Amino acid sequence: MKITNKNSSSYSEQTANHYINPKLPVKCATSSIETIFDYQEGKRTENVKGSRLWFVQEGLNPFTVKFETQPVLPEFLALVKFDNLQGIEIRNNVYFKADGISEVK
């Protein structure tokens with residue numbers, strides 16, 4: 001996701017809420033969990049750094065959210081809510097992370 005303002009230098013809930021509307025539903029747009037590996041000296045190691053899933057919200061391009069621990073994968077296009085969603089602006093992009101995820105019933 002591309003940034004629209006440049007005023008954050010660390011992950012924050014305020015940055016996430018600026019880009020992802022907490023009042024609109026978010027759907028899980030992935031059918032498998034992406035594993036994020038650690039890199040050292042430009043080479044991938046076998047150390048797992050986290051997991052990443054894709055999501056969609058009306059009015060936004062699909063976006064990814066990183067999780068430090070592997071979340072339970074929701075059903076494809078299930079409505080979800082995040083636990084402690086945070087965002088950070090780096091160069092011209094916005095990155096998101098969350099502590100967890102759950103399906104909205």
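Remember, predicted model here, so these are calculated numbers, not experimental data.
- Contact annotation: the side chain of Asp83 never approaches that of Ile101 to less than 4.5 Å [non-hydrogen atoms, C-beta and beyond].
- Between the CZ atom in Phe55 and the CG atom in Leu85 there is a gap of 9.0 Å [rounded to 0.5 Å].
- Tyr95 and Ile36 are members of different hydrophobic clusters when ILVMFWY side chains are connected at heavy-atom separations under 4.5 Å.
- Considering every non-hydrogen atom in both Glu89 and Val94, the closest pair reads CG-CG2, 4.2 Å.
- Residues Glu46 and Phe37 have side chains in contact (heavy-atom distance under 4.5 Å, counting atoms from C-beta outward).
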Criterion side-chain contact (heavy atoms from CB on, under 4.5 Å) on Asn84 and Glu13, from CA distance to verdict = CA-CA 7 Å; Asn84 192 29; Glu13 197 172 318; 4.1 Å; yes

Evaluate side-chain contact (heavy atoms from CB on, under 4.5 Å) for Leu60 paired with Ile20, printing each intermediate quantity in order.
-> CA-CA 8 Å; Leu60 298 178; Ile20 300 172; 4.2 Å; yes

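- Of the possible donor and acceptor atoms, none in the side chain of Thr64 sits under 3.5 Å from a partner among the backbone N and O of Arg52.
- Distance check, rounded to the nearest 0.5 Å: CH2 of Trp54 to CG of Asn61 gives 9.5 Å.
- Taking every heavy atom of both residues into account, Gly87 and Thr15 meet most closely at O-CB, 3.4 Å.
- Shown here is Glu75, whose CD atom has no more than 12 heavy atoms of other residues, nucleotides or ligands within 6.0 Å.
- With Tyr39 as the aromatic partner, Arg44 does not meet the cation-pi criteria of under 6.0 angstrom to the ring centre and within 45 degrees of the ring axis.
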Assess whether side-chain contact (heavy atoms from CB on, under 4.5 Å) is satisfied between Lys49 and Glu68, documenting all intermediate values.
-> CA-CA 7 Å; Lys49 191 174 173 181; Glu68 288 185 14; over 6 Å; no

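- Counting heavy atoms from C-beta on, the side chains of Ile33 and Leu53 come closer than 4.5 Å.
- Separation of the Phe82 and Phe96 ring centroids does not fall under the 6.0 Å cut-off.
- The two atoms that bring Asp99 and Phe67 nearest to each other are C-CD2, 4.4 Å, heavy atoms only.
- With Gln57 contributing its side chain and Leu24 its backbone, the two residues share a donor-acceptor pair below 3.5 Å.
- Checking side-chain atoms of Gln86 against main-chain N and O of Ala16 turns up no donor-acceptor pair under 3.5 Å.
- Side-chain atoms of Thr30 and Phe76, non-hydrogen and from C-beta on, never get closer than 4.5 Å to each other.
- Residues Val56 and Leu73 do not share a hydrophobic cluster, clusters being chains of Ile/Leu/Val/Met/Phe/Trp/Tyr side chains in contact below 4.5 Å.
- For Lys97 and Tyr11, the positive end sits near the middle of the six-membered ring, less than 6.0 Å away and at most 45° from its axis.
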